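Here the structure comes first, spelled out in structure tokens, and everything after it is commentary.
The structure presented is a predicted model; accordingly, all values stated were derived computationally and were not measured. In what follows, chains carry the letters A, B, and so on, assigned in the order in which the sequence lines appear, proteins first and then strands, with residues in each chain numbered from 1.
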Amino acid sequence: MIGVGKIKQYSNVLDKPLSKGKQEVSLSAFAFLFSELVQYNQTQVDNIAELERRLEDAGYAVGARVLELLCHRDKGNRRETRLLGILSFVHSTVWKVLFGKVADSLEKGTEHEDEYMISEKELLVNRFISIPKDMGTFNCGAFVAGIVRGVLDSAGFPAVVTAHFVPVEGQQRPRTTILIKFAEEVLTSFSLIVTLFL
Amino acid sequence: MATTACFIIVSRNEIPIYEAEVGSAVKREDAAQLHQFILHAALDIVQDLAWTTSAMFLKAIDRFNDLVVSVYVTAGHTRFMLLHDSRNDDGIKSFFQEVHELYIKILLNPLYLPGSRITSSHFDTKVRALARKYL
């Protein structure tokens, strides 16, 4: 018969081809899923620091996988060996795939050599979340901080990554800043590599 | 043509997560340990070389008698190392690329802990089939 479509039944995920990825995912589905994730972790911990750590660990697992997948899919198998390279990779490619747009800004910290900041006017994960007053400085952006830490750590640039609210005049909701503080060995090796190239 | 080939995958933390003897030659009893010893000795060289280039395929980086070690480094610094005696660079590169795709599929499993041993027998079957095809 003409035109009879036959769906191939793959027995194992290893046989399926790696997909190009969905361009659009339902925002409400993600918001519900994320809110469940936060609520589940809230029941398991006693304090804010532990809750942030758990969200970060969840993000770390995502970050490690995102790095491998995106380098293979979008960057044609080229690795990042330099600090600025990996930072701009996170700022544009990772953000575009995860949130649909590049991050608002990437800045280098002025007080310390090893600090960089990625800022976002309205972080997607925080969009439907309001923090009660008694939770102080807790930020659900810790999940995104975990993703960034996962990407940097897997690429060989260990760092401590945290999420902070930065109040902006004229705006009711504060801006969110992801603060990246690189470990010492990254900066020494980075400067070594720079001198190699000079 | 009979070839000797030993393939291992080493994670970022220097722990081997997968190993397989994929050559078609008849194997001696002590050959397997010798192969693994050579591959582990080449890890230091890979470490330094990985930071000098942004390519993933690092070609032949070390030799031992007539055996050559070729290495492919992924974005997450997982190393695929192949010890072989053939000179088929293109075949080896294609082999590494196909195994890389398989590795990404394993990694995407949320229940797989990155850096732990790959125990899937299906993965093993596929790697051996790829080795027969490309090497």
Given a strict heavy-atom distance threshold of 4.5 Å, which part of L102(B) is in contact with chain A: side chain, backbone, both, or neither? both
Hydrophobic cluster identity match, L106(A) and L179(A), side-chain contacts under 4.5 Å: no
How far does CG of D124(B) sit from CG of L14(A), to the nearest 0.5 angstrom? 11.0 Å
Name the option with the most non-hydrogen atom pairs under 4.5 Å to chain A; the candidates are K105(B), K126(B), Q97(B). K105(B)
V97(A) with F99(A), same ILVMFWY side-chain cluster at under 4.5 Å: yes
Check whether any side-chain N or O of R79(A) sits under 3.5 Å from a backbone N or O of W51(B) as a donor-acceptor pair, and report yes or no. no
Donor-acceptor contact below 3.5 Å, side chain E68(A) vs main chain I104(B): no
Greater than 12 external heavy atoms within 6.0 Å of K121(A)'s NZ: no
With a 4.5 angstrom heavy-atom cut-off, could you sort out which part of F89(A) is near chain B: side chain, backbone, both or neither? neither
Determine whether more than 12 heavy atoms belonging to other residues, nucleotides or ligands lie under 6.0 Å from atom CZ of F128(A). yes
For the CD atom on E113(A), are there more than 12 heavy atoms of other groups (residues, nucleotides or ligands in this structure) within a distance under 6.0 Å? no
Are F57(B) and V127(B) connected into the same hydrophobic cluster when the rule is that any two of I, L, V, M, F, W, Y join if their side-chain heavy atoms are below 4.5 Å apart? yes
Is it true that, when you exclude D90(B) itself, more than 12 heavy atoms of the residues, nucleotides or ligands shown sit nearer than 6.0 Å to its CG? no
The interface call for T53(B) against chain A, heavy-atom contacts under 4.5 Å, is both
CG of D153(A) to NE2 of H77(B), rounded to nearest 0.5 Å, is 11.0 Å
Near F30(A) CZ, under 6.0 Å, is it more than 12 heavy atoms from other residues, nucleotides or ligands? yes
Check each atom of Y103(B) against the heavy atoms of chain A and say whether the ones under 4.5 Å are side chain, backbone, both or neither. side chain
Taking the side chain as every heavy atom from C-beta outward, state whether H122(B) and D15(A) have any pair of such atoms under 4.5 Å apart. yes
State the CD-CZ distance between E101(B) and R73(A), to the nearest 0.5 angstrom. 11.5 Å
Rounded to the nearest 0.5 Å, the CZ atom of R65(A) sits from the CG atom of L108(B) at a distance of 7.5 Å
